[in-house]
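Working notes, structure below.
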Amino acid sequence: MANDSVDTVKTKNEILIVDDHPFIIEGYKNAITRYNPEEFEFFITKAKDCESAYHIITNPAVVPFDIAFLDISMSPYEEKNIYSGEDLAKLILEYMPNCKIILLTMYTELLKIKTIIKTINPSGLVIKNDLTFDELIFAFDKVIKNEKYYSQSVLKMLNQAEENTIEIDQFDKDILFHISKGTKLNDIPQYIPISLGAIEQRKLNLKELLKIEHGSDIDLVQEAKNKGLLF
């Protein structure tokens, strides 16, 4: 008697997971492997930091990834100027432009979130405090179906009134950049075509804008990074 059953050809997907917490990697792996196993087969590659991820992504022998889960905050790979999951995302898009990026972060600053969306345009963006097993499966389902997924906290922040955002011009960004690199204030006019007095006033305005009027330059740089004004 003929066997009428037909073996279903499974869709193969290459997945990259980068996180500095092994138990989180295993959690993601367990969720992914349980997703629609009759239809999909997943091959998962793991990395624990920016350096190990860099070598995987740039290895020409590695099969391009279909989806990458990236934690934003990880130990950097300074030798290659890879300081975060955002930098890894840019690297992936350079080497594997068809890879869908899912970024996971603890950041809850609106401007930071908007900057991530503008610079990376990830397929998924999840605030870790929103993350549950079901949430991860839901996000993965959306992304694998070529849809965008932003977690509830991200959507809530994006829906906030525009007046709550902070906008600065290129001169302010350049001033923050040079301060972060340790350039002395008196030397900054060599790099920015405005007077020292204007630079000093802009620095005061930035401290007021970021609500650290009495803070140091280190405080200014740190708060600018927190707000997504400086990377």
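None of these values were measured; they are calculated from a predicted model.
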#### Entry: Lys/Arg-Asp/Glu bridge criterion (N-O < 4.0 Å) met for Glu41, Lys10
no
### Query
Do Thr183 side-chain atoms and Ile179 backbone N/O form a donor-acceptor pair below 3.5 Å?
no
### Query
Does a side chain donor of either Asp49 or Tyr77 reach within less than 3.5 Å of an acceptor in the other side chain?
no
### Task
Answer whether the closest heavy-atom distance between the side chains of Glu200 and Leu196 falls below 4.5 Å.
yes
### Rounded distance (nearest 0.5 Å) linking atom CG of Leu210 with atom CG of Leu229
6.0 Å
### Message
If we ignore hydrogens and angles and just use 3.5 Å, is the side chain of Asp174 paired with the main-chain N or O of Phe171 as donor and acceptor?
### Response
no
### Task
Sequence neighbours left out, what passes salt bridge (charged side-chain N to carboxylate O under 4.0 Å, His left out) with Asp20? Give chain and number order.
none
### Query
Just wondering, more than 12 heavy atoms not from Lys207 lying within 6.0 Å of its NZ?
yes
### Query
Under 3.5 Å, side chain of Lys100 to main-chain N/O of Glu147, donor-acceptor pair present?
no
### Query
Side-chain heavy atoms under 4.5 angstrom apart, residues restricted to Ile, Leu, Val, Met, Phe, Trp, Tyr: same cluster for Val154 and Met106?
no
### Which atom of Ala31 lies closest to which atom of Ile137, heavy atoms considered
O-CD1, 3.1 Å
### Task
Report, as yes or no, whether the 6.0 Å neighbourhood of atom NZ on Lys148 holds more than 12 heavy atoms from other residues, nucleotides or ligands.
yes
### Under the side-chain contact (heavy atoms from CB on, under 4.5 Å) test, residues paired with Thr58 that sit two or more places apart
Tyr54, Leu91, Tyr95
### Distance-only donor-acceptor check, side chains Glu39 and Asn36, under 3.5 Å
yes
### Task
Determine, stepwise, if the pair Ile101 / Cys99 fulfils side-chain contact (heavy atoms from CB on, under 4.5 Å).
CA-CA 6 Å; Ile101 306 291; Cys99 180; 4.3 Å; yes
### Query
Could you walk me through whether Ile15 and Thr45 pass the side-chain contact (heavy atoms from CB on, under 4.5 Å) check?
CA-CA 6 Å; Ile15 309 293; Thr45 302; over 6 Å; no
### Query
Does the pair Lys80/Asp87 count as a salt bridge with the N-to-O cut at 4.0 Å?
no
### Message
I'd like to know whether Val62 forms a side-chain contact (heavy atoms from CB on, under 4.5 Å) with Met96, so could you lay out the CA-CA distance, the side-chain angles of the two residues, the decisive distance to 0.1 Å, and finally the verdict.
### Response
CA-CA 10 Å; Val62 169; Met96 307 171 183; 4.3 Å; yes
### Task
Mark yes when over 12 heavy atoms from residues, nucleotides or ligands other than Lys128 sit less than 6.0 Å from its NZ; otherwise mark no.
yes
### Task
Could you tell me whether the side chain of Ile102 reaches within less than 4.5 Å of the side chain of Leu70, counting heavy atoms only?
no
### Message
Asp217 and salt bridge (charged side-chain N to carboxylate O under 4.0 Å, His left out): which single residue from Lys181, Lys203, Lys184 fits?
### Response
Lys203
### Query
Would a 4.5 Å heavy-atom cut-off, applied to side chains only, mark Cys50 and Leu88 as touching?
yes
### Query
So, does Ser151 use its side chain to make a donor-acceptor pair with the main chain of Ile127 at under 3.5 Å?
yes
### Task
Flag yes if Leu204 and Ile194 sit in one hydrophobic cluster, no otherwise; membership is Ile, Leu, Val, Met, Phe, Trp, Tyr, and two members link when side-chain heavy atoms are under 4.5 Å apart.
no
### Query
For Gly85 and Leu103, which heavy atoms make the closest approach, and how far apart are they?
O-CD2, 4.0 Å
### Query
Looking at NE2 of His21 and OH of Tyr28, how far apart are the two atoms once the value is rounded to the nearest 0.5 Å?
10.0 Å
### Any Leu16 side-chain heavy atom under 4.5 Å of Phe69 side chain
no
#### Entry: Beyond-backbone contact of Ser73 with Tyr107, side-chain heavy atoms, under 4.5 angstrom
yes
### Query
Do you know the tightest heavy-atom contact between Met157 and Thr108?
SD-O, 3.0 Å
#### Entry: From CA spacing to verdict: side-chain contact (heavy atoms from CB on, under 4.5 Å), Leu158, Ile117
CA-CA 10 Å; Leu158 293 176; Ile117 292 171; 3.8 Å; yes
### Query
Are any of the side-chain nitrogens in Asp169 or Lys173 under 4.0 Å away from the carboxylate oxygens of its partner?
no
#### Entry: Partner set under salt bridge (charged side-chain N to carboxylate O under 4.0 Å, His left out) for Glu86, not counting sequence neighbours
Lys112
### Query
What is the distance from atom CG of Asn146 to atom OG of Ser123, rounded to the nearest 0.5 Å?
8.0 Å
### Query
Do Ile17 and Ile32 touch side chain to side chain, with heavy atoms closer than 4.5 Å?
yes
### Task
Determine yes or no for a side-chain-to-main-chain donor-acceptor pair under 3.5 angstrom, with Asp66 supplying the side chain and Glu14 the backbone.
yes
### Query
Could you give the distance from CG (Asp172) to CG (Leu176), rounded to the nearest 0.5 Å?
6.5 Å
### Task
Tell me, yes or no, whether the heavy-atom count around Glu26 atom CD, taken from other residues, nucleotides or ligands under 6.0 Å, exceeds 12.
yes
### Minimum side-chain heavy-atom gap Asp71-Val18 below 4.5 Å
no
#### Entry: Asp19 side chain reached by Lys48 side chain, heavy atoms, under 4.5 Å
no
### Task
To the nearest 0.5 Å, tell me how far Ile175 CD1 sits from Ile188 CD1.
6.5 Å
#### Entry: Ring-ring centroid check Phe138 Phe140, cutoff 6.0 Å
no
### Query
Are Tyr83 and Met74 in one and the same hydrophobic cluster, where Ile, Leu, Val, Met, Phe, Trp and Tyr link if side-chain heavy atoms are under 4.5 Å apart?
no
### Rounded distance [0.5 Å steps], CD1 in Ile67 versus CG in Asn98
12.5 Å
### Query
Side-chain heavy atoms under 4.5 angstrom apart, residues restricted to Ile, Leu, Val, Met, Phe, Trp, Tyr: same cluster for Val63 and Ile44?
no
### Query
Would you say Phe43 and Phe65 are hydrophobically clustered, going by side-chain heavy atoms of ILVMFWY under 4.5 Å?
no
